[in-house]
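Please read these numbers as outputs of a predicted model, since none were measured by experiment.
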Amino acid sequence: MNEETLWCLKENGYHAELHKHYEGLFTQGNGYMHVRGSFEEGCSDAPQDEDYLRFPDNVTLEKPRHPKSKQGTYIPGIVGRHPLLKEEIVNLPYYLGLEFLSDGESLDMDRCRISGYRRWLDLRNGSLHRSFVWETAEGMQLHYTFNRYISIVDTHLCIQRVQIEVLSGEGRLEVKATLRADVRTNGMNHFARIVPWAESKGSLSLDTLTEEGNQIFMLSALEVSEAMTWHTENTQTLAALRGDCRLQTGDRLTVSKLTSVTTDRDMEEGTARDRALTHLGHARDLGWEQLYNRHAAKWKSKWQDADIRIKGDDMAQVSVRASLYHLIRSNAEQDARVAICAKGYAGEAYFGRYFWDTEINLLPFFLHTNPQAAGNLLLFRYNTLEGARRNARNYGYRGARYAWESSLSGEEQCANWQYADHEIHITADVVYALYHYVNATGDDEFLERYGIDILVETARYWSDRVDWNREGYGELLGVMGPDEYLPFTRNNAFTNRMVKFSLEQTVACLDSLQRNKPDSYASAVERLGISPDERELFRHTAEKLRLPYDSRMEIVPQSDDFAHYADVEFESLWTDRSRPFGHFISQERNYRSKALKQADVLELMLLFPQEFSQEQMKASYAYYEPITTHDSSLSAAVHGIVASWLNQKEEAGDFLRRVMAIDLSLEKKGAAEGIHIANCGGLWQLIVYGFAGLTSAMWSETLHLQPRLPEGWEELSFQIVWRGERYRVTVNPGAYEVHKLDGREKAIASKTI
């Protein structure tokens, strides 16, 4: 592949059955807003305003609707209420609409005669391009080139341009520009008021109010290279302008659409309408070229910090850049009121909610490429601490209990009781991430200003949640660990170790504050009402909380009762490995069987590697991998990292290919419902923690590597931020080098492997 090809996701030839997959894969965004990669003219036989009621279900196994196309426009923070599914992100009006008619025939990829179709997402700058020839029923040949991007600098702006060249024939071409509110979110209409407007000078707007009271204002301006008179064609849910002109062989027509989107949640002064006008006016003053140059320069800077370069494996190179693109795009790095949803704002399958993925799968990437963004992801948990307190109270406990599925308030949104009630490790995961951030960045002040409140309140919850046995040890009963196929386990090893860590760090932080910053300690004691007896309770619970394993065990048990679950005959049950195992077994049977959905003990070993011997890791990997179904996208990367640590290169390479296929596979159409954003973070970890062998900043003060490159990889290089300093790491099959980047690049470490 040439260098440009290594930066592009390509669709060569249109296939209707893959349309929805590419809509997800080609999602564009800038942190503030995101739009799925749908066609500007829409898609035939795929209405976007279908009313239906989506029921709570296992999302991994749920059969999605909309088999052909699902448009999606999402602004993190704009949410609505669903009668069964609680709070969900709202699919906003579709502002990309540009339709074309030739002598009454509508441009349609499925119904028209199309040739030479190509579409590609340029990952270097997030721009989407489409090119094809339309041979009309009247005999015209029109070469179309669509280009669009959502500015990462001027974040309220979307810029579209369509160029049309008449290759042969003549006739009348009509152009229709639209802003459409005839969309649904999981079958629900969340709009209370829609006010469309258009005027003949080439402007149109849509003022929408959601049922929750959020205002979204969209304003578009049109420019056409040929004289065109615009006519308004508004409906109750649509703002539209239609114009036409006559074209003949050799003519060229350029249609440009510039759209500004604002909401009442924006952290700016003035009305949404006034701000939209200001943004649009500013864009016109800058001009098309400068708008694009600003956007491209910012993306170039992002890639300078985040890119991973791989020589010797072009497929891996494109795949990792696709993951990095979606990680960068999905993050609102300046807004700590939101986090990154499980579908990377590329679909509504997970309702725009935030899971443990944020802390465990996504945070490491941001810690080492964009520490400010990492801090904001943790500030989101601080900002939703009151919601976590309400969760704890609702369950009858003191302190704070973080939601398994969180939205803006931090209150539990999960409609499935199994996960909401029992997958409690999320509360300890937040504390683990808090310390990971502090250790990676050196930002100790974060603990003093924000972390201490999280630590104390979650420790209160754990002190209540623990049950005490006759031997005087604390236990966690009725727990669902990361393996979601066993919901009622006793002392899940992952959960108990994370809780023990959380309590230990709470005690250590309070001790350190009292010793080194007595004023801050006194302030925390007063603000949080901490008593000496309570501190002793935290300490006692941490010391006495049972761990279902010790250093003498060859295989670390997933839980105290894991051995008592039923064995599974996978070969006879799981007859089609292209489909999730969960489709072949009832939930009741699954819940009493040794069939793991995803990594559990191996996830524990990934987070606490220093606590397990190589023999324990090897034995546990050999035992658990064959009974792990990998029905979750979070699983393959963890197994790949552990396989790499065990120097099992062939298996690590197999898991690398599985990780890359999760969103890119055309056979599985993996991106159809949105991007598996945790898997994107998992791919970064597989390469950096696994193949480069970086020791986590959680457990090392210095940059330490133990590389194990896959077969065929000639070189791996990336930049990394470590405690405020930036470094370049270069790994070859036989050696590695680390260069400090402080104005001039200088080597600080090199080693022959």
Side-chain angles (χ1 to χ4, degrees), residues 24 50-67 70 72 74 78-91 183-190 210-212 339 341-358 384 387-388 390-391 394-395 401-427 478-489 579-592 595 597-598 629 631-634 672-674 676-678:
E50 179 188 8
D51 292 316
Y52 61 91
L53 190 61
R54 184 179 174 188
F55 287 86
D57 204 347
N58 182 327
V59 179
T60 304
L61 306 177
E62 183 181 12
K63 185 177 180 180
R65 297 175 72 96
H66 308 290
K70 182 65 173 76
Y74 308 108
I78 305 293
V79 299
R81 300 292 301 181
H82 188 283
L84 300 178
L85 304 172
K86 301 188 178 182
E87 200 167 82
E88 63 178 357
I89 195 168
V90 174
N91 180 18
V183 299
R184 297 292 184 268
T185 309
N186 289 313
M188 300 297 297
N189 178 12
H190 287 296
T210 71
E211 60 191 1
E212 295 294 309
C341 82
K343 283 298 182 183
Y345 300 112
E348 58 208 44
Y350 281 100
F351 321 106
R353 296 178 192 156
Y354 315 122
F355 292 71
W356 72 308
D357 310 8
T358 306
T384 57
R390 288 193 289 272
N391 293 334
N394 289 340
Y395 279 94
R401 181 190 198 271
Y402 279 100
W404 178 242
E405 296 183 23
S406 175
S407 188
L408 299 185
S409 69
E411 294 182 57
E412 183 63 75
Q413 302 298 326
C414 182
N416 293 306
W417 61 270
Q418 303 98 312
Y419 314 110
D421 289 357
H422 302 291
E423 202 147 8
I424 58 176
H425 62 81
I426 173 65
T427 300
V479 169
M480 176 184 278
D483 164 28
E484 296 177 342
Y485 282 169
L486 290 179
F488 311 116
T489 65
R579 298 170 59 203
F581 172 75
H583 285 303
F584 296 83
I585 189 171
S586 69
Q587 181 172 280
E588 176 272 330
R589 185 176 180 185
N590 205 0
Y591 278 0
R592 55 184 172 86
K597 181 179 179 182
Q598 61 194 43
T629 65
D631 280 357
S632 167
S633 63
L634 277 63
E673 301 302 320
H676 295 81
I677 200 67

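Residues meeting the side chain to side chain donor-acceptor pair (under 3.5 Å) test with Tyr345, sequence neighbours left out: Tyr354. Every residue two or more places apart in sequence or in another chain was checked for a salt bridge (charged side-chain N to carboxylate O under 4.0 Å, His left out) with Glu412, and none qualifies. For the ring-ring contact (aromatic ring centres under 6.0 Å, His included) test, residues two or more places apart in sequence or in another chain that qualify with Phe581 are Phe570, Trp574. Applying the side chain to side chain contact (heavy atoms under 4.5 Å, CB included) test to Arg589 and every residue at least two apart in sequence or in another chain returns Leu573, Ile585, Ser586, Arg592, Ser593. Annotation: side chain to side chain donor-acceptor pair (under 3.5 Å) contacts of Arg65 (sequence neighbours excluded): Glu50. Scored by the ring-ring contact (aromatic ring centres under 6.0 Å, His included) test, His425 finds Trp356, Trp404, Phe494 as partners (sequence neighbours excluded). Shown here are the side chain to side chain donor-acceptor pair (under 3.5 Å) partners of Asn186, two or more places apart in sequence or in another chain: Arg54, Glu88. By the salt bridge (charged side-chain N to carboxylate O under 4.0 Å, His left out) test, Glu212 is found to be paired with no residue, residues two or more places apart in sequence or in another chain being considered. For Ser407, the side chain to side chain donor-acceptor pair (under 3.5 Å) criterion is met by Glu87, not counting sequence neighbours. When the side chain to side chain contact (heavy atoms under 4.5 Å, CB included) test is applied to Tyr395, the partners found at least two apart in sequence or on another chain are Tyr397, Arg401, Ala420, Asp421. Judged as a ring-ring contact (aromatic ring centres under 6.0 Å, His included), and not counting sequence neighbours, Phe55 has no contacts.
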Legend entry - Tyr52 vs Arg184, side-chain contact (heavy atoms from CB on, under 4.5 Å): CA-CA, chis, key distance, verdict: CA-CA 9 Å; Tyr52 61 91; Arg184 297 292 184 268; 5.7 Å; no
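For residues 341-356, the set of pairs meeting the salt bridge (Lys or Arg N to Asp or Glu O under 4.0 Å) definition, not counting sequence neighbours, comprises Lys70-Glu348, Arg353-Glu405.
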